[in-house]
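Beneath this line is the structure, given in structure tokens, with notes to follow.
A note on names: the letters A, B, ... follow the listed sequences, proteins ahead of strands, and every chain is numbered from 1. What you see is a predicted model; the values in this text were computed from it and never measured.
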Amino acid sequence: MDKWMLIDGNSIIYRAFFAMPPLTNSAGLHTNAVYGFTTMLLKLLEEEKPTHVLVAFDAGKVTFRHEGYTEYKGGRQKTPPELSEQFPVLKELLQSFSIAQFELAGYEADDIIGTLTRMADEQGVETIVVSGDKDMLQLASEQVTIALTRKGVSEVDRYDPAEIQEKYGLTPLQIIDLKGLMGDASDNIPGIPGVGEKTALKLLHEFESVEGVLANTNELKGKMKEKVEAHKDDALMSKRLATIYREVPLENQTDELAYGGYDKAALAQSFRKLEFRSLIDRLELPEAGEADGAEAVAAATYEIIRVDSDTDVSSLKAFLAQSESVYIEAYGENPHQSQLLGLAVAAGEQVYVIDCDTLESPVGQPVRDWLADDKAPKYGYDLHKAELALSWHHITFCGTAFDVQLAAYLLDPTETNQTLNFLAAKYGIPAIASDEAVYGRGAKFKVPDFEEVARHLAAKADTVRRLVPLQQGDLEKTDMTKLYYELEQPLSIVLARMEKRGIRVNAQTLEELGSELEHKLVSYMSDIYQHAGMEFNINSPKQLGEVLFERLGLPVIKKTKTGYSTDAEVLEKLEPYHEIVRLILYYRQLSKLQSTYVEGLLKEIRRDTGKVHTYYRQTIAATGRLSSQFPNLQNIPIRLEEGRRIRKAFVPSEPDWLILGADYSQIELRVLAQISGDENLKEAFVHDMDIHTKTAMDVFGVSADAVDANMRRQAKAVNFGIVYGISDFGLSNNLNITRKDAARFIEQYFEAFKGVRAYMDNIVMDARRDGYVTTLLERRRYLPEIKASNFNLRSFAERTAMNTPIQGTAADIIKLAMVRMDEELRKRNLRSRMLLQVHDELVFEVPPDELETMKTLVPEVMESALALDVPLKVDVNYGINWYETK
DNA sequence: GCTCTCACG
DNA sequence: ACGTACGTGAGAGCC
């Protein structure tokens with residue numbers, strides 16, 4: 001006979017965390033919740049002897065319960081970092097146990113368990129549900145027993161329907177009504193104020209359900225009657241929220257729950273990493289080394305050595321010469337102004353640690369020499385940031401040999417968690433503490449005494465050391481070794497140089513623009529108030545919505561989750577109805593310029609240099625593009641003249657020099673021509689045709705001179721759509737035409753560019769077969785949702801499959817050009833400097849005597865960055881500021 | 001901290 | 001029938 005055991009993972013790990021005293025392993029990782037969970041699990045496995053076991057987890061923050069009640073679980077204390085760092089550890093440990101774990105986007109663990117108990121009821125399988133949450137009692141049945149933790153996690157109370165009846169006088173389903181009436185503060189479910197368990201039980205014994213109570217309020221008296229009547233809707237909503245959803249799509253997955261006992265060697269290895277020695281003894285697991293065949297991974301064991309004035313210089317130097325990794329702690333998001341805490345260097349069983357003050361003192365000289373030594377190879381984590389942070393402390397960093405953050409990005413560019421403790425968990429090497437657990441975050445950020453920092457840095461350096469060979473192997477397996485060593489890693493150094501260099505921004509130009517904007521804004525504001533007949537905050541979408549749609553009665557075009565939409569698309573549709581709309585649109589435009597670009601940029605100008613220093617992030621964008629922060633210099637206005645004037649403030653940093661901009665013409669469509677091999681499209685670029693006119697000719701079936709401006713505009717939108725992974729819905733939306741017409745355009749396009757259609761079809765099939773797509777340089781992006789049964793998720797993945805190779809290859813190409821360009825400038829001893837990258841554009845500052853050289857060199861390098869069948873084309877412009885490079 | 005809006009390619 | 005265009009970052013409002 002089968003017996004299922006279904007464990008509410010989130011509930012139990014929370015209980016365990018708060019029930020157990022703090023406990024850490026030697027790398028500083030908190031392990032108390034995992035320990036508590038494990039002891040409970042072992043006990044239950046022993047007592048229940050299940051044939052199938054599952055641990056269910058909540059996935060993500062937003063569930064279907066938030067639809068219609070966004071405050072669900074609002075006001076909840078944030079998970080403490082000491083607990084959140086234990087989630088990946090628990091998940092890995094469960095793998096060692098060979099126990100199945102489910103989590104599903106949009107659903108909570110309860111819903112998964114609720115669905116499985118429904119199946120158990122239908123199939124007559126004996127089941128035990130383990131949780132700390134009383135809500136689970138609603139799932140109890142003939143087949144299903146609920147075990148609720150008591151006093152922490154060491155004891156459980158088991159409930160079947162009879163016991164629930166005995167204790168509460170309710171059926172399992174009435175547990176839902178109980179919560180509907182009394183609410184639940186921890187989930188922010190309101191219930192009826194003033195109704196607690198006692199009152200709720202009394203009401204239910206009399207009227208059976210929430211609905212019953214609400215239908216019979218006439219039988220209630222006084223305050224109680226008032227309260228219930230005033231909160232009818234709350235009670236009904238609370239009941240809905242408390243109802244566990246039992247139809248989660250989990251078809252045919254019950255086989256995956258089969259549990260055949262744990263692998264002793266694997267479990268022993270996990271316990272050793274966590275340093276659960278008592279459990280190793282208790283289960284009589286093999287000691288390290290005696291594991292049969294299984295590779296024995298010891299817990300982190302290394303000696304931490306502080307570098308100080310007593311340190312023997314020659315042994316320090318000898319150690320550095322054979323170092324295996326370095327971890328440099330630059331704390332803070334912006335490396336141009338981060339706090340340098342110190343660094344750790346690891347080799348074998350030893351880790352040297354040095355604090356920032358010592359590093360900058362004479363005692364730190366050997367370490368500084370080593371950091372600056374180009375011939376001393378360094379394996380590290382986010383060395384791009386480290387190099388930048390060190391440079392602001394006048395410490396040179398050279399010799400990057402491998403960067404585990406950069407490698408992690410290439411191996412999975414969509415994974416946003418690139419922290420070392422996460423990578424350690426992912427690769428199954430000794431678990432370490434999270435930064436958040438050591439330093440806190442945001443307002444709670446605090447640097448602990450260096451003793452603790454040193455332990456943490458040592459653990460991180462040791463982790464880097466262990467990760468390197470594993471990631472190198474993975475890069476090899478995924479054909480990205482070359483991409484890594486020949487493109488991304490060299491680029492990271494080029495980027496650091498560009499960032500440190502910065503770009504000069506003329507504050508006076510911005511201030512003048514700012515006061516001009518200020519005058520206009522004041523004037524528009526008063527006109528808007530006149531038309532509205534009242535004063536309000538135009539910047540508040542909420543207040544603006546009330547004025548437009550309630551006070552002035554304009555038609556509602558679109559709604560957002562929280563109210564009326566007032567975005568530009570909506571306002572444009574409202575223009576004919578009221579004069580105020582045009583004014584608001586203009587006000588919005590100017591106020592964006594003022595706050596983000598004038599005021600925002602002014603704040604970023606460094607007093608000492610008069611420059612702004614952006615920070616390019618190389619490990620963010622899923623397609624392989626760079627992103628830019630603090631400030632973002634990749635979204636400086638250009639499309640509208642008003643905003644474009646911001647670019648007048650970007651000037652050369654030396655007198656008489658010039659700004660030179662070079663941008664790829666239609667790089668994405670050229671890349672599409674290349675990877676699709678479409679003859680018609682290739683032909684168009686070989687003849688350097690105006691591609692939107694060419695598209696218009698083919699889509700509308702006319703000659704070049706018959707293409708008018710509107711046809712070209714529509715063709716341009718079709719081209720954009722193609723690059724984005726087209727759909728008739730998207731195109732119709734963009735062009736404000738019917739879906740049918742949009743579909744006709746698309747069909748016409750594919751008739752003319754048959755190779756493009758084949759590419760789109762094939763890439764989606766490839767993605768489905770392989771689970772990923774690649775760029776020309778083998779950059780990879782996984783698309784697990786391409787197989788989703790949910791139409792939306794799947795469609796999104798399909799469009800991504802079409803777009804990523806195009807956008808990603810374009811990113812590959814300009815990155816190659818940047819590395820080449822940097823080399824050329826040095827090789828030729830040119831003084832010209834590369835300053836910015838804006839996806840398809842490079843910006844330089846150039847001394848006048850190098851202008852002619854650069855005007856030919858830059859396009860030459862960019863156009864030949866990657867040899868294709870389709871020519872690449874670069875337009876070059878220059879002037880006294882960025883505005884003039886048009 | 002989340003939502004909305006909007007700037008860029 | 002379903003219901004979105006691809007990739008980013010920043011400021012303001014609001015809870």
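Within 3.5 Å, a donor on the side chain of A/Arg639 pairs with an acceptor on the base of B/dG9, or the reverse. One can find a donor-acceptor pair under 3.5 Å joining the base of B/dA7 and the side-chain atoms of A/Asn635. In terms of polar N and O atoms assigned as donor or acceptor, the side chain of A/Gln634 never comes within less than 3.5 Å of the base of B/dC8 in a complementary pairing. Residue side chain A/Arg799 reaches the base of C/dT4 through a donor-acceptor N/O pair under 3.5 Å, judged by distance alone. Between the side chain of A/Arg617 and the base of C/dG9, no donor-acceptor pair of N or O atoms lies under 3.5 Å.
Taking side-chain N and O atoms only, A/Asn733 has no distance below 4.0 Å to OP1 or OP2 of C/dT4. The phosphate of B/dT5 has OP1 or OP2 within less than 4.0 Å of a side-chain N or O from A/Thr566. Distances shorter than 4.0 Å separate none of the side-chain N or O atoms of A/Thr596 from OP1 or OP2 on C/dA10. Taking side-chain N and O atoms only, A/Arg588 has a distance below 4.0 Å to OP1 or OP2 of B/dC6.
Atom NZ of A/Lys559 and atom P of B/dT3 are 17 Å apart (whole Å). Straight-line distance from the NZ atom of A/Lys603 to the P atom of C/dG9: 19 Å, rounded to whole Å. Atom-to-atom, CH2 of A/Trp882 to P of B/dC8 comes out at 11 Å; the value is rounded to the nearest Å. Distance, A/Arg739 CZ to C/dG3 C1': 7 Å, rounded to whole Å. Here C/dC6 presents its C1' atom at 13 Å from CG of A/Leu672, a figure rounded to the nearest Å. Rounded to whole Å, the distance from CD on A/Glu798 to P on C/dC2 is 18 Å. The distance between atom CG of A/Asp663 and atom P of B/dC8, rounded to the nearest whole Å, is 15 Å. Across the protein-nucleic acid pair, A/Tyr616 atom OH and C/dT8 atom C1' stand 13 Å apart, rounded to whole Å.
At least one side-chain heavy atom of A/Glu642 sits less than 4.5 Å from a side-chain heavy atom of A/Gln589.
The heavy-atom pair separating A/Met498 from A/Met834 by the smallest distance is CG-O, 3.5 Å.
Spacing of P atoms, C/dA5 relative to B/dC6, comes out at 15 Å, to the nearest Å. For the P atoms, the distance linking C/dT4 with B/dT5 amounts to 15 Å, nearest Å.
Between A/Tyr615 and A/His384, the ring centre distance stays below 6.0 Å.
If you take OG on A/Ser676 and CE on A/Met760, they are separated by 8.0 Å, rounding to the nearest 0.5 Å. Here the straight-line distance linking atom CZ of A/Arg799 with atom CD1 of A/Ile786 works out to 11.0 Å at 0.5 Å rounding.
Nucleotide C/dG13: paired with B/dC2 (Watson-Crick or G-U wobble, both distances less than 3.5 Å).
The side chain of A/Ala621 has C/dG7 as its nearest neighbour among C/dG7, B/dA7, C/dA5.
Mapping A/Ser795 and A/Gln543 onto DNA chain C via the closest heavy atom, the residue that lands nearer the 5' end is A/Ser795.
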Item to complete: Report the C-alpha distance between A/Tyr749 and A/Phe753 in whole Å, list the side-chain angles of each, state the deciding distance to 0.1 Å, and finish with yes or no for ring-ring contact (aromatic ring centres under 6.0 Å, His included).
Response: CA-CA 6 Å; A/Tyr749 181 95; A/Phe753 300 96; 4.5 Å; yes
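Ring-to-base geometry places A/Phe729 in a stacked arrangement with C/dT4 (centre distance under 5.5 Å, plane angle under 30°).
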